[in-house]
Amino acid sequence: MADEALFLLLHNEMVSGVYKSAEQGEVENGRCITKLENMGFRVGQGLIERFTKDTARFKDELDIMKFICKDFWTTVFKKQIDNLRTNHQGIYVLQDNKFRLLTQMSAGKQYLEHASKYLAFTCGLIRGGLSNLGIKSIVTAEVSSMPACKFQGTMQKGVTDTPNKMFQWILCHRNGRLRRLTKPNIILKT
Amino acid sequence: MAVCIAVIAKENYPLYIRSTPTENELKFHYMVHTSLDVVDEKISAMGKALVDQRELYLGLLYPTEDYKVYGYVTNSKVKFVMVVDSSNTALRDNEIRSMFRKLHNSYTDVMCNPFYNPGDRIQSRWALLPVSASSPGGPYFLCPYPVQVGPTSCVRSSPGGPYSCVRSSPGEPYSLCPIQSRAFDNMVTSMMIQVC
C-alpha cells in the first residue's frame with residue numbers, strides 16, 4: 001500500500017528539515033527534538049479527536065491506554081503495540097518490537113544515537129492524544145536495539161504549580177536514549 | 001430547529017456560543033451555563049443508572065417552560081449544548097442525535113485545522129480573494145460576503161453567486177480566512193434554520 005510509505009518518507013524529511021534549519025547551538029541543547037515533539041503534540045490532538053469521534057466513552061485511564069495501544073497505533077502505524085506494562089500508579093510502558101519509523105534503518109548499533117530524533121514526533125503524538133483526552137503526561141522513548149523501542153508515559157495527577165516546586169526538563173541523547181533529568185523537588189511541608 | 005448552540009471546552013469556558021433571536025442573548029448564555037452542572041452530574045460516576053455510561057449523547061438535560069436543553073459530551077470532554085424551542089413538538093430524539101453528530105463532525109474538522117489553536121474561540125473571519133487586475137480602476141478584490149457599499153466599492157454578480165467588489169489600494173495585504181471555522185459557522189446556521 002503506497003500510503004504507508006508516504007508518512008514514513010514525510011517523517012524522515014521532516015526530521016532532516018528541522019535539523020537543517022536549526023540555528024547555532026540548537027542541535028546540542030535539544031531544541032530540535034522539542035520542535036519535533038511539539039509538532040507531534042498538535043497532530044496528536046487533532047488525530048485523537050477524529051479517532052474518538054465514534055468510539056464509546058472511556059471508563060478510566062487504562063481504557064484510554066488500551067485504546068492508544070490498539071486502535072490508535074493500528075490506524076497510524078498499521079500494527080498494534082506489542083506489549084503494555086503498567087505499575088498502576090501512573091506509569092505505562094508501551095513496547096513496539098518493530099517500530100514502523102525505524103524499520104528502514106539498519107538493525108545494528110550504527111544509528112542508535114540518531115534514533116531518538118525519529119522517536120520525538122511519536123512521543124509528541126502520544127502526549128497530544130493523551131492531553132486531548134484529559135490526561136497530562138510526560139512521554140519519553142528509549143531504543144535499546146533497533147527497531148524495537150519503548151515509550152514510557154508518566155501520568156501527572158493533579159499537578160499544581162506550587163511556588164516551591166522546581167522541575168527542569170533536560171533532554172539529552174546518550175546511546176540512543178532520551179532521558180529526563182529532574183532537579184530534586186523542594187516541597188515545604190506545613 | 002435549534003435556538004441556541006454552544007460548544008464548551010473541557011475547562012468549562014465557551015468556545016463558541018450562538019443564539020438565533022439576537023435580542024435577549026444573555027438568557028441563553030445563562031441557560032447554557034446552568035446546564036453545565038447537569039452535564040457534570042450525568043457524566044460523573046454517581047449517575048450510573050441514569051444514563052448509559054458508554055454513550056456520548058446525554059439526552060434531555062432539563063426542560064424549562066419555553067425551551068428544552070440537550071447535551072452531548074465528546075471523549076475529549078468538550079461539551080455541546082443545544083437549546084430547542086419547546087413548542088416544536090415534532091423534534092424527535094433521533095433528530096437531535098443526528099444534529100449533535102453533525103456538530104461533532106464539524107468540530108473535528110475545526111480541530112484538525114492547522115490554523116486553529118486548541119483552546120481558542122471558534123471564529124470565522126472574512127475572506128478576501130484577489131481578482132485579475134484587468135478591470136478598470138485598479139485591483140479589485142472579490143469578497144464572498146456582502147460589504148457595505150460605499151464610494152470605493154461596487155456590487156457585482158459572478159457565476160459563483162452575488163459577490164461584492166471592494167477596491168483596495170495597491171500593497172494592501174489580504175488575509176486568508178480559516179476555511180474550517182467558516183464551515184462550522186455555516187453548519188450551525190443551517191441547524192438553526194431547519195432540522196437536519
Side-chain angles (χ1 to χ4, degrees), chain A residues 7 10-11 14 17-18 35-76 121 124-137 155-161, chain B residues 7-12 15-16 39-48 50-59 71-80 97-120 122 178-181 183-184 187:
Chain A
F7 175 58
L10 182 65
H11 178 258
M14 207 162 65
V18 168
K35 270 189 210 171
L36 286 165
E37 217 252 349
N38 286 337
M39 276 191 227
F41 183 79
R42 181 66 184 92
V43 172
Q45 284 181 315
L47 269 185
I48 271 287
E49 190 69 50
R50 215 170 260 288
F51 294 159
T52 58
K53 199 167 49 144
D54 300 309
T55 57
R57 200 190 302 286
F58 295 123
K59 287 197 296 273
D60 56 9
E61 220 173 70
L62 191 59
D63 218 12
I64 294 180
M65 287 315 292
K66 283 193 198 157
F67 173 80
I68 299 249
C69 293
K70 293 197 190 134
D71 301 309
F72 189 71
W73 220 254
T74 315
T75 325
V76 180
F121 183 83
L125 205 67
I126 301 174
R127 190 168 70 91
L130 288 173
S131 136
N132 211 12
L133 293 170
I135 301 178
K136 276 198 166 59
S137 61
M155 314 294 156
Q156 296 176 301
K157 285 212 158 35
V159 170
T160 49
D161 283 355
Chain B
V7 178
I8 316 279
K10 66 162 104 67
E11 291 90 5
N12 288 335
L15 290 174
Y16 182 88
V39 170
D40 276 334
E41 190 190 300
K42 290 219 171 196
I43 60 176
S44 74
M46 291 192 306
K48 249 197 191 29
L50 294 171
V51 71
D52 181 12
Q53 283 290 300
R54 309 281 288 173
E55 248 199 56
L56 302 179
Y57 174 66
L58 296 177
Y72 183 102
V73 182
T74 67
N75 269 317
S76 48
K77 305 286 175 285
V78 167
K79 301 148 186 113
F80 300 138
R97 263 178 216 261
S98 75
M99 279 164 87
F100 271 125
R101 266 261 73 108
K102 293 213 166 89
L103 203 60
H104 196 172
N105 287 341
S106 296
Y107 176 73
T108 311
D109 287 337
V110 168
M111 200 57 184
C112 294
N113 181 1
F115 298 110
Y116 172 74
N117 294 319
D120 286 353
I122 301 175
I179 310 287
Q180 302 292 1
S181 310
F184 191 81
M187 163 68 52

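Protein chains get the first letters and strands the later ones, always in sequence-line order, with residue 1 at the start of each.
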Which pair of non-hydrogen atoms, one from [X] and one from [Y], has the smallest distance, and what is that distance?
X      : Y       : result
Q45(A) : P118(B) : OE1-CG, 3.1 Å
G46(A) : C112(B) : O-SG, 3.7 Å
E49(A) : S76(B)  : OE1-OG, 2.9 Å
K53(A) : L56(B)  : O-CD1, 3.6 Å

side-chain contact (heavy atoms from CB on, under 4.5 Å) assessment of R101(B) paired with D54(A): CA-CA 9 Å; R101(B) 266 261 73 108; D54(A) 300 309; 3.3 Å; yes
From K77(B) atom NZ to L133(A) atom CG, the distance as rounded to the nearest 0.5 Å: 7.0 Å
Interchain contact, V78(B) with chain A, by part (heavy-atom threshold 4.5 Å): neither
Option in T74(B), T108(B), N75(B) with maximal non-hydrogen atom pairs under 4.5 Å from chain A: N75(B)
Residues forming a salt bridge (Lys or Arg N to Asp or Glu O under 4.0 Å) with E37(A), sequence neighbours excluded: R127(A)
Listed pairs under 3.5 Å, donor-acceptor, residues 64-73 of chain A side chains, sequence neighbours left out:
| unit_1 | atom_1 | unit_2 | atom_2 | d |
| --- | --- | --- | --- | --- |
| W73(A) | NE1 | D96(A) | OD2 | 2.9 |

